[in-house]
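One structure is given here, and the rest of the page talks about it.
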Amino acid sequence: MARLKRVLEIRNAMEEIVDEWLDWVINQLDVCGCEKCRADIKALSLNRLPPRYYVSEDGKIYSRLEELKIQFRVDVIAALAAAAFIVRSNPRHNRVSEVNEDEKTRF
């Protein structure tokens, strides 16, 4: 009988932490929260932050311990804020045309 091979999933704790703070930063800085802007903010901020990969629950706990340090939180929020300012200044969508398309489908 063939043995099933267990596949380990590699996760990035930094991505999870950015997800947790993303809404807060968007609300604090009054930035567009559409899917495109959210994805751009997340991608830009993750490119500025060091990854924290893990493959087990123990590794996840160890990676998340860093989050308890104040400087760590400051770094995450600063990266998100910098990315949010960039996206707010250079959105990759045209809000007027998106609103017009939404209005066309409503009537």
Applying salt bridge (Lys or Arg N to Asp or Glu O under 4.0 Å), can you list everything that pairs with Arg73, at least two apart in sequence or on another chain? none
Side-chain donor-acceptor pair present, Gln71, Asp75, cut-off under 3.5 Å: yes
Using a distance-only test with no angle check, is there a side-chain donor-acceptor pair under 3.5 angstrom linking Tyr53 and Glu15? no
Less than 4.5 Å apart, side chain to side chain, heavy atoms only: is that true for [X] and [Y]?
X	Y	value
Tyr54	Ile10	no
Arg11	Lys60	no
Val55	Glu9	no
Gln28	Trp21	no

Hey, could you give me the CG/OG distance between Leu22 and Ser45, rounded to the nearest 0.5 Å? 7.0 Å
Let me confirm one number: the NZ-SG distance from Lys42 to Cys37, rounded to the nearest 0.5 Å. 15.0 Å
Show which side-chain atoms of residues 80-91 pair as donor or acceptor with protein atoms under 3.5 Å away, not counting sequence neighbours.
residue: Arg88; atom: NH1; partner: Leu29; partner atom: O; Å: 2.7
residue: Ser89; atom: OG; partner: Phe85; partner atom: O; Å: 3.0
residue: Asn90; atom: ND2; partner: Ile86; partner atom: O; Å: 3.2

Grab the two heavy atoms, one from Gly33 and one from Arg38, that are nearest each other, plus how far apart they are. O-CD, 3.0 Å
Taking the side chain from Asn12 and the backbone from Pro51, do they hold a donor-acceptor pair closer than 3.5 Å? no
